[in-house]
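Working notes, structure below.
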Amino acid sequence: MDNPSDDFSGYIMQLPDDCLLFIFQHLDCGSDRESFGLTCHRWLQIQNLNRRSLQFQCSFSMLNFSSLSQTNTRISTLHLYRLLNRFQNLESLSLSGCTELPDSGLSLLPRHGSKLQSLHLDCCFGITDSGLSCVASGCSLLVILSLYRCNVTDYGLEALSNSCLALEDLNLSYCSRISDYGVRAISQNCRRLRAIRISYCRNLTGAGFQGCSQTLTHLEADYCRLETNGIRSILSGGGIEYLSVSNLTWCTRVNGLVAISVGFAAKLRVLNFRSSRTIGDDCIMTIAKGCSSLQEWNLAICHEVKIAGWESIASHCHNLKTLHVNRCRNLCDRGLQALRTGCKRLSILYITRSSQISGVALEIFKLARGNVEVKEEEVMCICPHGAFRF
């Protein structure tokens, strides 16, 4: 007598590909999807064509555990070719941490990267302009790109700006060989750009952002040598909501930062001045009066902010919810008193004990402002959820 289960298996194997694809797409468990692909070569092909993301366990950007491949950081061009040839509908690819990946590894993207929307190449030290040109020519739909610590120059950025016009999020942190010329190409051609990181790019003054799109809302430029015109250029689009310029020392006078308070930064909500040790009261007073939408301000280790600066913040920052004042040498009892009586919407105060602030003054603050959470710890500014998608 025939086994009924054999007939059932036969019926399943006769299902057309679109039915099998429908079944596969409704498998929520990663192990079930893997088991699906192990059934036979035909089912494996359906699994391969349906895969949308791929990354390696050496990757710093953990996108999805079900997309993991292997732990070896020495990814060869041949291995990458086999993977890209197998998974031809990838929308997200992370090669971050593949420190020995050569430019030749990206030469496959013109054939296999047409659907990529997200690409992470963090710490791919072997990637240069040649590899970035392959990205540009093969990934025209790219929305998210991270080049953290890659060895690219302005020429690679120019090629990218001419092809990847849908680019929204770009990470160029520690790309030490780029200049304002390459940034200008990106800001002028990629008019959908929403967030960019250029931290530790010491050759940038910020001038390359002149005339940037209003879509640019989030910018990190920590430890950069921004100049007066560079600050103005960064704000020229009028859309900046999140600006991180910690360790800002190049334009410390009021006229260097006046652009932040003259209308160009009307939408500014988060401002990070951490470790900007030479920014003083005049600058703080100008910004406090001009940025009415400011909700979070990091002034940790800003030693030159004194009583006049704290009083101005208390009087003018009516929408301020979070304030960082850790290790500010010139924040004393009187300055803390000003913050206590002002900043009516303040909900979090990051502060560390110092010889300038008495325990009594801090306790009085806590009693008078019971709605304010006083955190004796030091943290960075909280970037709004989804601001950077790297």
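On a predicted model such as this, the values are computed, not experimentally measured, just so you know.
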Can you list every pair that meets ring-ring contact (aromatic ring centres under 6.0 Å, His included) and has a residue in residues 316-360, with sequence neighbours left out?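 Listed by first then second residue: His324-Tyr350.
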
Taking only distance into account, with no hydrogens and no angle test, what donor-acceptor pairs under 3.5 Å do side-chain atoms of residues 355-363 form with protein atoms, sequence neighbours excluded?
from, atom 1, to, atom 2, distance (Å)
Ser358, OG, Asp333, OD1, 3.4
Ser358, OG, Asp333, OD2, 2.9
Ser358, OG, Ala361, N, 3.1

Going by the rule ring pair (Phe, Tyr, Trp, His ring centres under 6.0 Å), which residues pair with Tyr174 if we only count those two or more places apart in sequence or in a different chain? Tyr148, Tyr200

For Ser163 and Ser140, run side chain to side chain contact (heavy atoms under 4.5 Å, CB included): C-alpha distance rounded to whole Å, both residues' side-chain angles, the deciding distance at 0.1 Å, then the answer. CA-CA 6 Å; Ser163 300; Ser140 60; 5.6 Å; no

If only atom types and distance count, is the side chain of [X] paired as donor or acceptor with the main-chain N or O of [Y] below 3.5 Å?
X      : Y      : answer
Ser133 : Asp129 : yes
Asn319 : Gln295 : no
Ser213 : Arg191 : yes
Ser161 : Gln188 : no
Asp222 : Ser246 : yes
Ser276 : Cys302 : no
Lys306 : His303 : no
Glu304 : Asn330 : no

Go through the side-chain N and O atoms of [X] and [Y] and say whether any donor and acceptor fall under 3.5 Å apart.
X      : Y      : value
Gln210 : Ser233 : yes
Ser244 : Asn272 : yes
Arg232 : Asn229 : yes

Taking only residues two or more places apart in sequence or in another chain, which ones pass salt bridge (Lys or Arg N to Asp or Glu O under 4.0 Å) with [X]?
X      : result
Arg274 : Glu378
Arg334 : Glu311
Glu376 : Arg353, Lys366

Validation row: Glu220, Tyr242 side chains within 4.5 angstrom (heavy atoms): yes

Taking side-chain contact (heavy atoms from CB on, under 4.5 Å) as the criterion, tell me which of Leu167, Leu219, Asp169, Asn171 meets it with Ile196.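 Filter result, single survivor: Leu219.
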
If the test is side-chain contact (heavy atoms from CB on, under 4.5 Å), which one of Ile186, Leu235, Ile198, Asp180 qualifies with Phe209? Ile198

Take Trp297 and Cys291, measure what side chain to side chain contact (heavy atoms under 4.5 Å, CB included) needs, and give me the verdict at the end. CA-CA 11 Å; Trp297 200 350; Cys291 297; over 6 Å; no

Which heavy atom in [X] sits nearest to a heavy atom in [Y], and how many Å separate them?
X      : Y      : value
Arg192 : Thr215 : C-OG1, 3.4 Å
Glu241 : Leu268 : O-CD1, 3.6 Å
Gly211 : Ser236 : N-OG, 3.0 Å

Counting neighbours of NZ on Lys321 that are heavy atoms of other residues, nucleotides or ligands and sit closer than 6.0 Å, is the number greater than 12?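 No, because the 6.0 Å sphere around NZ of Lys321 holds 12 heavy atoms or fewer from other groups.
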
Counting only heavy atoms not in Glu91, do more than 12 sit closer than 6.0 Å to its CD atom?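 Yes, the 6.0 Å shell around CD holds more than 12 heavy atoms from other groups.
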
Run the side chain to side chain contact (heavy atoms under 4.5 Å, CB included) test on Leu80 and Leu101 for me, step by step, so that the C-alpha distance in whole Å, both residues' side-chain angles and the decisive distance to 0.1 Å come before the verdict. CA-CA 10 Å; Leu80 188 56; Leu101 181 71; 4.2 Å; yes

Would you call Arg149 and Asp122 a salt bridge, taking side-chain N to carboxylate O under 4.0 Å as the test?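 No.
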
Give me the one residue out of Asn203, Asp154, Thr153 that meets side-chain hydrogen bond (donor to acceptor under 3.5 Å, both in side chains) with Ser179.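 Per the side-chain hydrogen bond (donor to acceptor under 3.5 Å, both in side chains) rule, the option paired with Ser179 is Asp154, out of Asn203, Asp154, Thr153.
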
Could you see if Leu349 belongs to whatever hydrophobic cluster contains Ile301? Use Ile, Leu, Val, Met, Phe, Trp, Tyr and a side-chain cutoff under 4.5 Å. no

CA sep, side-chain torsions, deciding dist, call: Leu84, Leu109, side chain to side chain contact (heavy atoms under 4.5 Å, CB included): CA-CA 8 Å; Leu84 293 179; Leu109 291 180; 4.3 Å; yes

